[in-house]
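Reading through the structure tokens given below for one structure.
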Amino acid sequence: MSRTLHDELGQIVTAIKLDLKSASRDELTNRTEKLIQNALAGSDELLKSIHQIASTVRSSVLDDLGLPDAVESYVDEFRQRTGIAVEAKLQFVRKSVPPLIGDNVYRILQESLTNIAKHAAAHRVEIVLQAEADALELTVADDGCGFETSTLDDTNRLGMLGMRERTELLGGSFQVHSAPSEGTRIHLRIALPSQQIDD
């Protein structure tokens with residue numbers, strides 16, 4: 001279902017958008033031009049919604065296959081969609097992760113990669129996801145443009161603040177390291193309850 005939303009419906013909307021752009025280059029009346037521009041804007045919003053819904057549906061693989069496979073699937077899709085080189089190192093000493101923690105870490109990874117695609121102008125990303133007996137840790141580092149961390153309270157950094165809030169609500173720690181022209185690195189650590197340790 002996720003792939004159908006992303007690939008088939010996304011391709012249809014993209015084709016409509018390209019046709020509208022082509023039509024907008026012809027000689028038009030002011031009214032027709034306005035209608036086409038409105039339709040283009042609507043197509044953009046629809047594409048965003050399709051991507052968001054596809055990402056939400058895709059997270060169901062957490063239930064079916066577990067966090068490692070969900071991450072590998074999403075990272076592979078991200079590579080294909082953006083052309084950014086991603087190296088993912090997944091180390092799961094502990095195979096089962098509590099669903100609430102797994103879902104939030106997955107969504108933090110999604111948000112982090114979305115930020116990189118939108119803002120970082122990065123060529124390479126390195127992901128390290130480790131599930132030890134007592135804690136889960138995630139590191140996402142890119143070689144992009146970076147930013148002043150003092151701007152994290154600005155509204156254009158709400159995504160980063162959301163990742164921090166998700167982590168801290170689970171009792172974890174969240175750190176951001178970045179500087180202009182030096183890329184960005186996020187790191188989080190969340191303790192895992194001892195009763196969930198695999199036999």
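Given the structure is predicted, the values throughout are model-derived calculations rather than measurements. Numbers here are sequence positions counted from 1.
Smallest separation of non-hydrogen atoms from Ile101 and Pro193: CD1-CD, 4.4 Å. In terms of heavy atoms, Tyr74 sits closest to Leu113 at CE2-CD1, 3.8 Å. Residue Leu192 comes nearest to Pro98 through the heavy atom pair CD2-CD, 3.9 Å, listed as atom of the first residue, atom of the second, then distance. Taking all atoms of both residues into account, the shortest heavy-atom contact from Arg124 to Ile84 is N-CG2, 4.2 Å. Shown here for Arg164 and Phe174, the closest heavy-atom pair between the two residues is NH1-O, 3.1 Å. Closest approach of Gly102 and Leu67 over heavy atoms only: O-CD1, 3.7 Å.
The shortest side-chain heavy-atom distance between Ile127 and Leu138 falls under the 4.5 Å cut-off. Between Leu136 and Arg94 there is no side-chain heavy-atom pair separated by less than 4.5 Å.
Put simply, CG on Leu109 and CD1 on Ile186 are 8.0 Å apart, with the number rounded to the nearest 0.5 Å. Taking OG of Ser112 as the start and CE of Met160 as the end, the distance is 6.5 Å to the nearest 0.5 Å. Rounding to the nearest 0.5 angstrom, the gap separating the NE2 atom in His177 from the CZ atom in Arg185 is 5.0 Å. We find the CG-CD distance between Leu170 and Glu165 to be 12.0 Å, quoted to the nearest 0.5 Å.
For the side chain to side chain donor-acceptor pair (under 3.5 Å) test, residues two or more places apart in sequence or in another chain that qualify with Thr184 are Ser178. Scanning for side chain to side chain donor-acceptor pair (under 3.5 Å) contacts around Glu132 gives an empty result, with sequence neighbours left out. Applying the side chain to side chain contact (heavy atoms under 4.5 Å, CB included) criterion to Arg189, with sequence neighbours excluded, gives Asp134, Ala135, Glu137, Ser173, His187. Ala122 meets the side chain to side chain contact (heavy atoms under 4.5 Å, CB included) test with Ile116, Ala120, Asp142, Asp143; sequence neighbours excluded. Residues satisfying the salt bridge (Lys or Arg N to Asp or Glu O under 4.0 Å) criterion with Glu72, sequence neighbours excluded, are absent altogether. Residues satisfying the side chain to side chain donor-acceptor pair (under 3.5 Å) criterion with Asn104, sequence neighbours excluded, are Arg166. Under the side chain to side chain contact (heavy atoms under 4.5 Å, CB included) criterion, Glu126 pairs with Lys89, Val128, not counting sequence neighbours.
Without hydrogens or angle criteria, Thr167 side chain to Met163 main chain gives a donor-acceptor distance under 3.5 Å. The backbone N or O of Gln110 lies less than 3.5 Å from a partner atom in the side chain of Thr114, making a donor-acceptor pair.
In the hydrophobic clustering of this structure, Tyr106 groups with Leu100; members are Ile, Leu, Val, Met, Phe, Trp, Tyr whose side-chain heavy atoms approach within less than 4.5 Å, directly or through other members.
For NE2 of His123, the number of neighbouring non-hydrogen atoms (other residues, nucleotides, ligands) closer than 6.0 Å is 12 at most.
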